[in-house]
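Inspection log for the structure reproduced underneath, given as structure tokens.
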Amino acid sequence: MIGFEKVGIHDNFFELGGHSLLAVQVTSRLRETFTLDLPLRTLLFETPTIEGLAAAIADQKGSDVNPEDMERLLAEIENLAPEELDQELAQESISK
């Protein structure tokens with residue numbers, strides 16, 4: 001959505017060129033994908049990184065995810081090409 005081929009888990013959404021309209025779109029997609037109530041302020045002010053968003057989602061879902069598993073999963077996501085990530089998100093939406 002940002003237009004970069006690869007984004008690191010620690011890269012700041014706004015430093016990569018993200019803006020409020022894109023934040024609304026990203027937040028909406030996360031809400032839909034993970035079926036949760038993620039406030040826009042989470043991305044805008046509290047956790048503008050993939051790592052922070054993953055932690056916020058895990059907290060809200062009450063996840064008992066092992067930190068090593070979360071780190072491995074984040075690394076896998078970080079290494080996906082944008083097309084692969086879009087395809088995975090699309091498949092996830094279809095399966096719900």
Side-chain angles (χ1 to χ4, degrees):
M1 293 184 85
I2 276 188
F4 286 94
E5 190 144 329
K6 288 194 175 192
V7 175
I9 63 171
H10 303 290
D11 291 339
N12 185 293
F13 175 76
F14 298 102
E15 291 173 4
L16 295 172
H19 48 78
S20 58
L21 178 58
L22 190 55
V24 169
Q25 294 172 334
V26 169
T27 303
S28 176
R29 187 176 273 184
L30 289 171
R31 286 177 184 150
E32 197 174 293
T33 300
F34 294 102
T35 317
L36 52 82
D37 182 26
L38 185 68
L40 181 58
R41 75 174 181 280
T42 301
L43 176 57
L44 286 175
F45 304 112
E46 298 168 2
T47 58
T49 65
I50 292 173
E51 178 184 45
L53 287 171
I57 290 167
D59 285 347
Q60 196 171 117
K61 292 296 249 181
S63 178
D64 293 328
V65 175
N66 180 326
E68 290 84 23
D69 290 340
M70 178 67 81
E71 198 166 311
R72 181 189 51 75
L73 185 57
L74 288 170
E76 286 179 29
I77 292 169
E78 184 178 34
N79 290 318
L80 287 175
E83 299 81 25
E84 293 173 309
L85 186 56
D86 287 342
Q87 184 178 21
E88 291 291 329
L89 289 171
Q91 286 177 342
E92 183 67 27
S93 295
I94 290 171
S95 67
K96 290 184 178 185

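- In this structure, T49 and H10 approach most closely via the heavy-atom pair CG2-O, 3.5 Å.
- Nearest approach of K61 to F34, heavy atoms of both residues: NZ-O, 2.7 Å.
- Remark: L30 CG to L38 CG distance equals 6.0 Å, nearest 0.5 Å.
- The nearest pair of heavy atoms linking K6 to N79 is NZ-OD1, 4.1 Å.
- Although no hydrogens or angles enter the test, the distance criterion places no donor-acceptor pair under 3.5 Å between the side chain of T27 and the main chain of V24.
- Annotation for L36 and Q60: closest pair CB-OE1, 3.1 Å, computed over non-hydrogen atoms.
- Annotation: side chain of L53 is not in contact with side chain of F13 (no heavy-atom distance under 4.5 Å).
- With rounding to the nearest 0.5 Å, the separation of CG in L44 from CZ in R41 is 10.5 Å.
- One hydrophobic cluster holds both F45 and F14 under the rule that ILVMFWY side chains link at heavy-atom gaps under 4.5 Å.
- Across all their heavy atoms, T42 and A56 have their closest contact at CG2-CB, 3.9 Å.
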